[in-house]
2 protein chains.
Amino acid sequence: MNDTTRATARELISKTRARITPARVDILAALLGAQRPLSHLDIQELLAPGLDRVTVYRVLDWLTAENLAHKLSGDDRVWRFSAAKAPHHHAHFHCQQCGRFYCLEDVKTDLPVALPKSFIADSVEITVKGICADCKSA
Amino acid sequence: MNDTTRATARELISKTRARITPARVDILAALLGAQRPLSHLDIQELLAPGLDRVTVYRVLDWLTAENLAHKLSGDDRVWRFSAAKAPHHHAHFHCQQCGRFYCLEDVKTDLPVALPKSFIADSVEITVKGICADCKSA
DNA sequence: CAGAGCAATGCAATAAGGTTGCGTGACAAT
DNA sequence: ATTGTCACGCAACCTTATTGCATTGCTCTG
């Protein structure tokens, strides 16, 4: 979480015309700097303690509402968030052992899907489940 | 939940060499007869009351372990289960309004995915999110 | 520059969904 | 019939996330 990242975060937040608070900058910077989607717990551990659980949840929700972050659901009942740098059209990998998520930038989710009549698609989520390299070698 | 479905359920369970109990038969039959993945709550409502919450959870876990059912995660923190009639290689639709899941039999999940080195894929889950026909017309 | 107004935070309590421990009852094999 | 194991029910508990409410602190107007 270097200064450049924090500056980028601050700039992105300023575009929303909402308040630029330390919590928002810290959390968005954490997401921007991460190589993978982070859970609420990941973020709490990454950031200095002293930031309330609820605040983290609220900031994450706010970021999602402002389209600065994307919320995705794993099969462990935990939300993961990733910074919405570009339109978020790629798949994810979920390691069943360590629980970490990885972005599969190469696998696009904008594939054409044949839906039943009158169904409206909003977004497509693709999750590959398996074992990641770290866990395999361990 | 007709008798044929129950007979099929009983037969599938007998193949596991485990005990054929009413709870197992009822729940598997419910899954077999359903057009869509069912949540734990769906099942409880479908079945006559008197069956314990925990028993339902345990039977569902057991069915999953025996590969008679598949567990899938929505973004509402609720497990959904579907009978594993055939290998379960199709996508699902999740209505963001009513929360129901639908099977998209036509959309296959056995697409080739390019994984990073040393990653091992186990299964692929594709979920389309949007509004279903029922909710749209309402 | 003071003060009003509102957005953001922290703390505590609560909700929802799922899981664990343990005693009891039922079935199967001997 | 006896014994061992498997399944069930009940109660308690855990985790993750959300809500209510009081307080803080920024911002903007006058």
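Note that the coordinates shown come from a computational prediction; the quantities given were computed from them, not determined experimentally. A note on names: the letters A, B, ... follow the listed sequences, proteins ahead of strands, and every chain is numbered from 1.
Protein atom CG of A/D61 is 13 Å distant from nucleotide atom P of C/dA8, rounded to whole Å. Taking atom CG on B/D76 and atom P on C/dA16, their separation rounds to 13 Å, with Å as the unit. Counting to the nearest Å, the P atom of C/dA16 and the CD atom of B/Q44 are 15 Å from each other. Between the C1' atom of C/dA15 and the CZ atom of A/R53 lies a distance of 13 Å, rounded to the nearest Å. The distance between atom CG of A/D52 and atom C1' of C/dC11, rounded to the nearest whole Å, is 7 Å. Rounded to whole angstrom, the span from the CD1 atom of A/I13 across to the P atom of C/dA8 amounts to 11 Å. In this structure, B/R19 places its CZ atom 7 Å from C1' of C/dA28, rounding to the nearest Å. B/R17 places its CZ atom 14 Å from the C1' atom of C/dA28, with the value rounded to the nearest Å.
Aromatic ring centres of B/H92 and B/Y102 lie farther apart than the 6.0 Å criterion allows. When ring centroids are compared, A/H70 and A/F81 stay outside the 6.0 Å threshold.
Using cut-offs of 30° and 60° on the angle between ring planes, the pair B/F119 and A/F93 is perpendicular. Relative orientation of the A/F101 and A/H94 rings is parallel, given thresholds of 30° and 60° on the angle between their planes.
Side-chain nitrogen and oxygen atoms of A/R24 include at least one within less than 4.0 Å of the OP1 or OP2 phosphate oxygen of C/dA8. OP1 or OP2 of C/dG10 lies within a sub-4.0 Å distance of a side-chain N or O belonging to A/T55. Between C/dT19 and B/Y57, no contact under 4.0 Å exists linking OP1 or OP2 to a side-chain N or O.
Of the charged side-chain nitrogens involved, at least one lies within less than 4.0 Å of a carboxylate oxygen, so that A/K129 and A/D75 count as a salt-bridged pair.
Position along DNA chain C of the nearest nucleotide to B/H40 versus A/A18 favours A/A18 as the more 5'-ward residue. A residue-by-residue look at B/P22 and B/R77 shows that B/P22 has its nearest nucleotide of DNA chain D further toward the 5' end.
Other residues, nucleotides and ligands contribute over 12 non-hydrogen atoms within 6.0 Å of the CD atom of B/E105.
For DNA chain D, the contact window with chain B, defined by any atom under 4.0 Å from a protein heavy atom, covers D/dT5 to D/dA17 in 5' to 3' order.
Within 4.0 Å (heavy atoms only), B/L51 reaches sugar-phosphate atoms of the nucleic acid but no base atom. Within 4.0 Å of B/W79, counting heavy atoms only, lie sugar-phosphate atoms of the nucleic acid but no base atom. Base contact: A/V54 has a heavy atom under 4.0 Å from a base atom.
The base of C/dG18 is not paired with the side chain of B/R58 by any donor and acceptor separated by under 3.5 Å.
Listed by chain and number, the residues in a salt bridge (Lys or Arg N to Asp or Glu O under 4.0 Å) with A/K71 are A/D61 (sequence neighbours excluded).
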